[in-house]
Each structure stands twice: as C-alpha cells, then as structure tokens.
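See structure below.
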Amino acid sequence: MASLVTCPHCGARPKEEFTVKGAALPRPAPDASRETWFDYVYLRDNPRGAYQEYWHHTSGCRRWLVVTRDTAMHEIFEARDAAREVTA
C-alpha cells in the first residue's frame with residue numbers, strides 16, 4: 001500500500017500525488033546582504049529528524065502545503081496549508 005499524506009483540503013491521499021519542492025525556510029528580508037540571500041537560495045542543511053518542506057498537491061487540489069516529516073523514518077507528522085502560514 002502507498003504511503004498516505006493527509007491533505008487539509010482533500011483528506012488522505014497517496015504521496016505520489018504530491019511533488020516535494022524544498023525546505024520551508026524563513027525568507028530573508030528584501031534588503032538582506034548578498035551572503036544571506038546566497039545561503040538562503042543555495043545552501044541547505046541535511047538534518048536527521050523532523051523537517052518542514054513545501055509540497056505541492058499536483059494531482060489533487062493543487063494547493064501548496066507545509067509538510068513536517070521525519071527525514072530518517074519518512075513518517076509524516078503534519079500537513080498544513082502554506083497560504084495560512086504567518087510570515088514575518
């Protein structure tokens with residue numbers, strides 16, 4: 001059986017319906033230094049444990065989600081609508 005992701009809009013769906021788009025990192029301020037922007041765009045940590053990523057429900061509601069998953073066990077803890085995220 002396929003792994004399921006619980007989309008907040010569509011319910012439990014096979015993970016093959018989603019496209020992982022990368023780490024859900026806080027975006028630097030527009031006037032941040034070039035070094036800060038370079039790090040944001042090109043450098044990524046490879047943590048073990050809980051990690052937040054942007055996922056796109058490409059074969060479903062086409063909404064962007066923030067998915068929290070365990071990078072070692074691939075267990076998904078939470079999926080929430082990215083549009084409802086508070087930005088600083």
Side-chain angles (χ1 to χ4, degrees):
M1 176 169 208
S3 297
L4 298 177
V5 177
T6 303
C7 174
H9 305 283
C10 305
R13 306 300 304 162
K15 73 174 173 126
E16 291 77 20
E17 288 190 5
F18 298 85
T19 304
V20 180
K21 291 295 189 172
L25 302 173
R27 187 179 178 96
D31 59 348
S33 70
R34 289 177 59 116
E35 182 178 294
T36 300
W37 276 103
F38 181 88
D39 290 352
Y40 173 75
V41 172
Y42 295 109
L43 302 180
R44 294 287 180 263
D45 292 330
N46 189 13
R48 181 178 177 92
Y51 196 61
Q52 293 186 352
E53 300 168 312
Y54 287 116
W55 287 33
H56 187 238
H57 196 175
T58 47
S59 295
C61 62
R62 303 194 55 80
R63 298 291 300 243
W64 285 94
L65 307 176
V66 175
V67 174
T68 305
R69 71 174 182 94
D70 186 304
T71 59
M73 303 302 291
H74 302 291
E75 179 183 356
I76 294 175
F77 301 117
E78 177 185 31
R80 59 190 189 278
D81 190 332
R84 296 180 186 199
E85 293 295 303
V86 177
T87 58

- Message: Is a donor from one side chain sitting under 3.5 angstrom from an acceptor on the other, for Glu35 and Trp37?
- Response: no

How close do [X] and [Y] get, counting heavy atoms only, and between which atoms?
X     : Y     : answer
Cys7  : Phe18 : CB-CZ, 4.2 Å
Ile76 : Trp55 : CD1-CH2, 3.9 Å
Tyr54 : Ala24 : CE1-CA, 3.5 Å
Thr71 : Arg48 : OG1-CA, 3.3 Å

Below 4.5 Å, heavy atoms only, C-beta onward: do His74 and Arg69 meet side chain to side chain? yes

Quick one, Tyr40 with Arg27, criterion side chain to side chain contact (heavy atoms under 4.5 Å, CB included). Give me CA distance, side-chain angles, the key distance, then yes/no. CA-CA 7 Å; Tyr40 173 75; Arg27 187 179 178 96; 4.0 Å; yes

Would Arg80 and Thr68 satisfy side chain to side chain contact (heavy atoms under 4.5 Å, CB included), going step by step from the backbone distance to the final call? CA-CA 9 Å; Arg80 59 190 189 278; Thr68 305; 3.7 Å; yes

For the pair Asp70 (side chain) and Ala72 (backbone), establish whether a donor and an acceptor sit closer than 3.5 Å, ignoring hydrogens and angles. yes

Under 4.5 Å between side-chain heavy atoms, hopping through other hydrophobics if needed: is there a path connecting Val67 to Phe77?
no

Donor-acceptor pairs under 3.5 Å, side chain of residues 57-64 to any protein atom, not counting sequence neighbours: which ones?
from  : atom 1 : to    : atom 2 : distance (Å)
His57 : NE2    : Glu17 : OE1    : 2.7
Thr58 : OG1    : Glu17 : O      : 3.0
Thr58 : OG1    : Thr19 : OG1    : 3.2
Arg62 : NH1    : Thr58 : O      : 3.1
Arg63 : NH2    : Asp81 : OD1    : 3.3
Arg63 : NH2    : Asp81 : OD2    : 2.6

Go through the steps to decide whether Leu25 and Arg44 satisfy the test side chain to side chain contact (heavy atoms under 4.5 Å, CB included), and finish with yes or no. CA-CA 10 Å; Leu25 302 173; Arg44 294 287 180 263; 3.4 Å; yes

With sequence neighbours left out, the residues meeting side-chain hydrogen bond (donor to acceptor under 3.5 Å, both in side chains) with Thr36 are Ser33

Measure the spacing between [atom1] of [X] and [atom2] of [Y] and express it to the nearest 0.5 Å.
X     : Y     : atom1 : atom2 : value
Arg13 : Ser3  : CZ    : OG    : 14.0 Å
Leu65 : Gln52 : CG    : CD    : 12.5 Å
Thr6  : Glu78 : OG1   : CD    : 11.0 Å

